[in-house]
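Notes follow the structure.
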Amino acid sequence: MGDALHLAGQLVLSGDPDLWEIVLLSLRVSLIATLIACIIGLAIGSLLAVSRFRGRSAVLVVINALMGLPPVVVGLIVYLNLSRSGPLGFLGLLYTPTAMIIAQTILITPIIAALSRQILEDLNHEYAEQFRSFGLSRIGQMKALLWDGRFALLTVALAGFGRAVAEVGAVIIVGGNIDHLTRVMTTAIALETSKGDLPLALALGMILLTIALVVNGFVQSVRSTATRAAYA
Amino acid sequence: MRDFVDMPDARTRHEQGLTLSGISLSRNGTTLLNDITCALPPSGITAVMGPNGAGKSLLLRVAHGLIDADQGLVLWQGDAVTEEARKAQAMVFQKPVLLRRSVEANVDFALKVAGIRHPSLRDALLNRVGLKGRNKQPARLLSGGEQQRLALARALATNPKLLFLDEPTASLDPTSARMIEDILREERDAGTKIVLVTHDVPQARRLADDVLFLTSGQLHCHQDAASFFQTPDSPEAARFLAGHILN
Ligand SMILES: Nc1ncnc2c1ncn2[C@@H]1O[C@H](COP(=O)(O)OP(=O)(O)O)[C@@H](O)[C@H]1O
Ligand SMILES: [Mg+2]
């Protein structure tokens with residue numbers, strides 16, 4: 001175990017190209033998924049925050065339920081759609097990073113939508129009368145809420161990214177953990193651990209943890225700066 | 001002594017100010033506004049007075065179209081207050097609702113919503129409310145008085161024809177209160193119709209041209225200010241004024 005840790009440290013410090021290829025692919029896939037999920041999720045969240053319609057509470061229940069989607073189920077559904085015989089099989093996306101991005105996007109969009117809806121609705125509670133007095137359109141209202149909620153929403157994006165980058169069940173099904181193509185940190189850890197190659201697994205684990213800490217620290221410091229200016 | 005309550009409506013639209021007819025509002029079985037009818041002149045400052053809980057804030061919201069009354073009609077210069085019509089009006093709330101942005105961004109927001117592109121206007125407005133050079137400061141870190149002045153600047157940004165204010169100087173420092181009163185006079189003189197909720201009797205004496213007095217959702221009188229403060233039409237108003245003079 002001590003040896004394994006030592007070797008893991010060496011791997012990280014020596015800049016092992018295989019290791020960094022895996023790390024960079026992980027980051028690329030999860031960042032793109034987070035970006036797409038934010039675009040869709042924030043649109044849904046802000047629309048729900050300013051809208052009242054019949055069946056709204058049912059929509060909220062569904063979105064909240066989707067937050068808890070099991071990754072393997074998402075992986076399976078995406079797999080069925082992208083497999084050669086599936087409806088989107090002609091795209092040839094199975095076992096590509098794009099397939100992993102799709103799966104992660106589906107997984108975290110409900111999280112972004114549900115969490116942002118709550119934040120923006122609270123904010124709207126405070127602003128609604130003033131907006132009405134301005135004669136602001138619904139789109140204008142959504143835009144203003146998104147901007148004024150920007151620091152709280154950063155935390156939401158972080159929650160989405162955290163779930164995406166740490167997730168293994170969906171990406172292993174649709175990505176296949178193919179070396180130099182779709183191998184990401186989590187799938188590599190799972191594989192190397194089962195093969196008994198603990199140093200590489202540990203090295204990746206340390207990097208994953210470090211990424212989580214750094215991103216969290218960054219968001220924390222941005223938010224506390226914003227709080228001091230009463231912007232959050 | 002002028003009496004506004006039953007003004008005939010055979011006038012051109014422009015001569016018609018703000019008309020409330022038969023406004024009633026209740027919530028959970030409680031009547032909050034009871035059949036309020038009045039015609040406010042198209043210019044000047046109307047003070048809305050009455051004790052706490054009288055329904056002054058509710059009446060203002062109904063008049064501005066933020067709340068729909070259960071019954072009755074609000075007309076501004078002969079027209080219903082639609083979403084579009086509201087853009088020619090503005091309201092300053094008792095507790096200013098400032099965006100989580102800088103001072104200047106708050107004014108810019110109002111200008112943008114109104115589709116006004118006029119770069120020097122914002123600074124002129126900030127200057128007018130005594131916030132010159134404070135452009136980049138976070139709006140929500142201003143003092144209470146400064147926040148209320150910023151809310152006023154933002155309300156004036158769209159050059160409203162009808163301006164509602166809900167106790168804008170309650171609990172403000174004298175300097176801020178004074179500054180706001182001065183601006184309200186200037187606006188009135190420039191032809192803006194102002195409806196001001198206040199329970200500050202000296203302030204109403206200084207500013208008001210006419211006075212609406214209500215208690216418990218009931219409109220007791222609508223009088224020319226001079227006569228209201230001398231001989232109010234209703235015993236409730238007389239008691240209210242006496243109480244404030246005693247205090
Ligand atoms: N949304 C509401 N639902 C129920 N009661 C309300 C609501 N808004 C105000 N009220 C009640 O209406 C009365 C008048 O309120 P308000 O207009 O704020 O009085 P004020 O004259 O002090 O401004 C108060 O008794 C208040 O509790
Ligand atoms: Mg009030």
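The sequence lines fix the lettering, A, B, ..., with proteins before strands; numbering per chain opens at 1.
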If one checks every heavy atom of B/S102 against chain A at 4.5 Å, the contacting part turns out to be both
Across all chains, not counting sequence neighbours, the salt bridge (charged side-chain N to carboxylate O under 4.0 Å, His left out) partners of B/D200 are none
Any A/Q130 side-chain heavy atom under 4.5 Å of B/R154 side chain: yes
Salt-bridge contact B/K95-A/E126 (side-chain N to carboxylate O under 4.0 Å) = no
For B/K87 and A/G135, the nearest pair of non-hydrogen atoms, with its separation, is CE-O, 3.2 Å
All heavy atoms of A/Y127 vs all of B/L99, minimum pair found to be OH-CA, 3.5 Å
Residues 220-232 of chain A vs chain B, non-hydrogen distance cutoff under 4.5 Å, contacting residues -> A/R228, A/A229, A/A230, A/Y231, A/A232
Max heavy-atom pairs within cutoff under 4.5 Å with chain A, candidates B/R140, B/H64, B/R101, B/Q89, goes to B/R101
Query raised in the report: If you count the non-hydrogen atoms of other residues, nucleotides and ligands that lie under 6.0 Å from CG in A/L24, is the total more than 12?
Result: yes
Turns out that what part of B/Q137 lies under 4.5 Å from chain A's heavy atoms comes down to backbone
Salt bridge (charged side-chain N to carboxylate O under 4.0 Å, His left out) filter on B/R134, not counting sequence neighbours, yields B/E146
Got A/R132 and B/E83 here, is their nearest side-chain heavy-atom distance under 4.5 Å? yes
By residue number, those in residues 179-193 of chain B with heavy atoms under 4.5 Å from heavy atoms of chain A are none
The interface call for B/V113 against chain A, heavy-atom contacts under 4.5 Å, is side chain
Applying a strict 4.5 Å limit to non-hydrogen atoms, the region of B/F109 in contact with chain A is side chain
For atom CZ of A/F131, decide whether the heavy atoms of other residues, nucleotides or ligands shown that lie under 6.0 angstrom number more than 12. yes
Around atom CZ of A/R52, are there more than 12 heavy atoms from other residues, nucleotides or ligands closer than 6.0 Å? yes
Taking atom CD as the centre, does B/Q71 end up with more than 12 heavy-atom neighbours from other residues, nucleotides or ligands that are less than 6.0 angstrom away? no
*asked:* Using side-chain heavy atoms (C-beta onward) and a distance below 4.5 Å, is B/T158 in contact with A/F134?
replied: no
State, with a plain yes or no, whether a side-chain heavy atom of A/E129 is found less than 4.5 Å away from one of B/R61.
yes
Rounded to the nearest 0.5 Å, the OG atom of A/S133 sits from the CZ atom of B/F164 at a distance of 9.0 Å
Bottom line for A/A144: the part with an atom under 4.5 Å from chain B's heavy atoms is both
